[in-house]
Asker: 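Structure below; questions to follow.
Chain naming here is simple, since letters A, B, ... match the order of the sequence lines and numbering starts at 1 in each.
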Amino acid sequence: MPELPEVETIRRGLQNLLLTKVVKNTTVYDSPKSFPNDQHTVEQFLYGANVQQVRRRAKVLLIDFSSEYTLVTHLKMTGQVVFIGASSSVKTDASVRFAAGHPNDSMLGQLPDRSTRVAIEFSDGSHLYFNDQRKFGWMKLYPTLEVPNIDFMQRVGPEPLEDSFTSNEFIPRVRRRNGTTIKAAILDQTVLAGVGNIYADESLWGAKIHPATRVRDVTDAQLAELLTCIKAVMTLSIEKGGSTDKNYVDAEGKKGSYLQFANVFRREGLSCPRHPDVLIEKSRVAGRGTHVCPVCQPVPE
DNA sequence: CACTTGACCTGTCCGC
DNA sequence: TGCGGACAGGTCAAGT
């Protein structure tokens, strides 16, 4: 679920809340993919270190510490990050609690809970919880200088929202996947970073391209329009705090409301915004649930 | 090699 | 009501 806009929303919230926080302790629950580092490394390079900055690359969250180690987190599908401020006597509310990622009901209860994979305690008594129902996500520790050498970082494509990323670069990268469908191509993280199922469907609707169209059958002009739509959709989503289907609030008490603005995603059976009398259809493309307007996006030959 | 499918997991929803 | 199966969808490994 968390795609680029969701992780960027998380980054912005944590940047404000975590700066200068000092790590006091960590607890790893049932999370076989997290902290393969030996306990000695975690203790030596995390404990007593303070947060310098919070970065994002693609869908990966990067928390840099003064020890020149970086906490690298991938939320995959159901991961979430929850910050709870020091509150032994102070009542926990939106002013001290930040939650982002895939929402679930447990967020309204006490943490840690059944889905908690990692808990980080800071010296002021606040906590950062990494929760993940399905255990696909992970949290690992790397020397900051080695982060660019991680396999994923080596292979992941350009950031779509960089002004320097234009159709001049986008088109040849997509055409490397000429034999597959346009949806599979933009979901490929080595082509460009950060597009997941929601924004793939939304941007393809925006560019009026059927997701199952072979890349070779999409014109350069259409690809240029598609990139424009990817940028627009992601920019709007970040403004809206990302996508969530259940209610939650971030540090400022705002909801991630992008899905209210979605044109096709999870709107099967509802009317296309461009065609009030045409209903959105759902099918399966590139192994994912896929939403299209059958008039805007005619099925390819 | 290029592309597609399955595995990783758990919770939820739907039909019988 | 209970139960089995489909589904959710990011990424990597395995299969075609």
Side-chain angles (χ1 to χ4, degrees), chain A residues 1-8 10 28-34 36 56-61 72-81 100-109 112-118 130-140 150-157 160 172-204 211-218 230 234 237 242-246 256 258-259 262 264-269 281-291:
Chain A
M1 193 81 148
E3 305 181 27
L4 188 153
E6 288 71 41
V7 181
E8 177 61 20
I10 293 166
V28 180
Y29 300 87
D30 181 15
S31 187
K33 294 167 191 164
S34 296
R56 177 192 60 75
R57 174 75 171 100
K59 301 172 188 173
V60 173
L61 191 68
V72 182
T73 304
H74 201 309
L75 301 173
K76 291 293 179 80
M77 312 226 314
T78 54
Q80 61 176 202
V81 175
H102 183 86
N104 63 46
D105 294 336
S106 71
M107 288 170 51
L108 301 175
D113 68 8
R114 190 174 30 174
S115 76
T116 300
R117 305 297 161 211
V118 178
F130 168 48
N131 299 333
D132 186 13
Q133 276 183 357
R134 289 168 70 179
K135 304 180 190 173
F136 288 1
W138 46 257
M139 189 174 260
K140 299 175 186 176
I150 300 171
D151 279 356
F152 178 87
M153 295 296 180
Q154 287 282 309
R155 298 184 11 231
V156 72
R173 295 188 76 89
V174 177
R175 294 229 179 271
R176 296 192 318 208
R177 304 295 310 277
N178 247 344
T180 188
T181 61
I182 185 62
K183 179 163 180 174
I186 62 174
L187 286 172
D188 182 344
Q189 300 298 295
T190 71
V191 170
L192 81 168
V195 176
N197 206 38
I198 297 174
Y199 304 108
D201 280 5
E202 290 297 303
S203 58
L204 285 164
T213 312
R214 295 282 144 182
V215 174
R216 68 169 67 91
D217 296 329
V218 182
I230 290 170
M234 286 193 169
S237 184
S243 299
T244 57
D245 36 21
K246 295 186 184 180
Y258 173 79
L259 282 188
V264 288
F265 190 80
R266 292 220 194 127
R267 287 179 45 81
E268 60 268 30
E281 296 175 355
K282 184 172 183 182
S283 61
R284 191 155 276 267
V285 176
R288 310 295 210 299
T290 297
H291 311 75

Asker: So, using side chain to side chain donor-acceptor pair (under 3.5 Å) as the criterion, who are the partners of A:Arg175 when residues are at least two apart?
Answerer: A:Asn178, A:Asp220
Asker: Report all interatomic pairs (protein N or O, nucleotide N or O of nucleotides 12-16 of chain C) with separations under 3.5 Å.
Answerer:
residue : atom : partner  : partner atom : Å
C:dC12  : OP2  : A:Arg155 : NH2          : 3.3

Asker: Could you tell me how far apart A:Lys183 (NZ) and B:dT4 (P) are, to the nearest whole angstrom?
Answerer: 14 Å
Asker: Nearest whole Å is fine: how far is B:dT10 C1' from A:Asp113 CG?
Answerer: 13 Å
Asker: Looking at every heavy atom in both A:Gln133 and A:Ser115, which two are closest together, and how far apart are they?
Answerer: N-CB, 4.1 Å
Asker: For A:Arg155, is there any backbone N or O sitting under 3.5 Å from a side-chain donor or acceptor partner on A:Asp151?
Answerer: no
Asker: Go through B:dG11, B:dT4, C:dT11 for me and flag the one nearest to the A:Arg114 side chain.
Answerer: B:dG11
Asker: Looking at A:Gln189 and A:Val195, would you say the former's side chain and the latter's main chain have a donor-acceptor pair under 3.5 Å?
Answerer: yes
Asker: For B:dG11 and C:dT11, measure between their P atoms and round to the nearest Å.
Answerer: 22 Å
Asker: Could you check whether the rings of A:Phe152 and A:His74 sit parallel, tilted or perpendicular, using 30° and 60° as the cut-offs?
Answerer: perpendicular
Asker: In whole angstroms, how far is the C1' atom of B:dC9 from the CG atom of A:Asp132?
Answerer: 9 Å
Asker: Do A:Phe136 and the base of B:dC9 stack face to face, with centres under 5.5 Å apart and an angle between planes under 30°?
Answerer: no
Asker: Atom CG of A:Asp188 and atom C1' of B:dT4: how far apart are they, to the nearest Å?
Answerer: 13 Å
Asker: So do A:Phe265 and A:Asn197 actually touch side chain to side chain, heavy atoms under 4.5 Å?
Answerer: yes
Asker: Under 4.0 Å: is that the gap between some side-chain N or O of A:Thr78 and OP1 or OP2 of B:dC9?
Answerer: no
Asker: Provide, to the nearest angstrom, the distance between the CG atom belonging to A:Asn178 and the P atom belonging to B:dT4.
Answerer: 12 Å
Asker: Does a side-chain N or O of A:Lys33 approach OP1 or OP2 of B:dC8 to a distance below 4.0 Å, or not?
Answerer: no
Asker: Please pick, from C:dT11, B:dC8, B:dT4, the nucleotide with the shortest atom-to-atom distance to any side-chain atom of A:Arg214.
Answerer: B:dT4
Asker: Nearest whole angstrom, please: distance from the C1' of B:dG11 to the NZ of A:Lys135.
Answerer: 13 Å
Asker: Has the side chain of A:Glu202 got a donor or acceptor atom that lies under 3.5 Å from a matching backbone atom of A:Val264?
Answerer: yes
Asker: Got a sec, which residues hit side chain to side chain donor-acceptor pair (under 3.5 Å) with A:Glu281, two or more places apart in sequence or on another chain?
Answerer: none
Asker: Give the rounded distance in Å between these two atoms: CG of A:Leu192 and P of C:dG10.
Answerer: 13 Å
Asker: What's the CD-P distance between A:Glu268 and B:dC13, to the nearest Å?
Answerer: 15 Å
Asker: Is A:Gly287 touching bases, backbone alone, or none of the nucleic acid, heavy atoms closer than 4.0 Å?
Answerer: nothing
Asker: Is the backbone N or O of A:His291 less than 3.5 Å from a side-chain atom of A:Glu268, with the two atoms forming a donor-acceptor pair by type?
Answerer: no
Asker: Pairing of DNA chain B as dot-bracket, 5' to 3': ( ) intra-strand, [ ] crossing, | other strand, . unpaired, with Watson-Crick or G-U pairs under 3.5 Å?
Answerer: .|||||||.|||||||
Asker: Is A:His74 close enough to C:dT11 that one of its side-chain N or O atoms is under 4.0 Å from OP1 or OP2 there?
Answerer: yes
Asker: Give a yes or no on whether the ring-centroid distance for A:Tyr258 and A:Tyr199 is below 6.0 angstrom.
Answerer: yes
Asker: For residues 178-196 of chain A, which residue pairs qualify under salt bridge (Lys or Arg N to Asp or Glu O under 4.0 Å), counting only residues two or more places apart or in two chains?
Answerer: A:Arg177-A:Asp188, A:Lys183-A:Asp201
Asker: For nucleotides 6-8 of chain C, tabulate all protein N/O to nucleotide N/O atom pairs closer than 3.5 Å, reporting atom names and distance.
Answerer:
residue : atom : partner  : partner atom : Å
C:dA8   : OP1  : A:Lys282 : NZ           : 2.3
C:dA8   : OP2  : A:Arg284 : NH2          : 2.3
C:dA8   : N3   : A:Arg134 : NH1          : 3.1

Asker: Expressed in whole Å, how much space separates the P atoms belonging to B:dA7 and C:dG5?
Answerer: 15 Å
Asker: Within the pair A:Gln189 and C:dT11, is there a side-chain N or O less than 4.0 Å away from OP1 or OP2?
Answerer: yes
Asker: Whether the side chain of A:Arg117 engages the backbone of A:Met139 through a donor-acceptor N/O pair (distance < 3.5 Å, no angle test) should be reported.
Answerer: no
Asker: Could you tell me whether a side-chain N or O of A:Arg288 sits under 3.5 Å from a main-chain N or O of A:Ala286, the two making a donor and an acceptor?
Answerer: yes
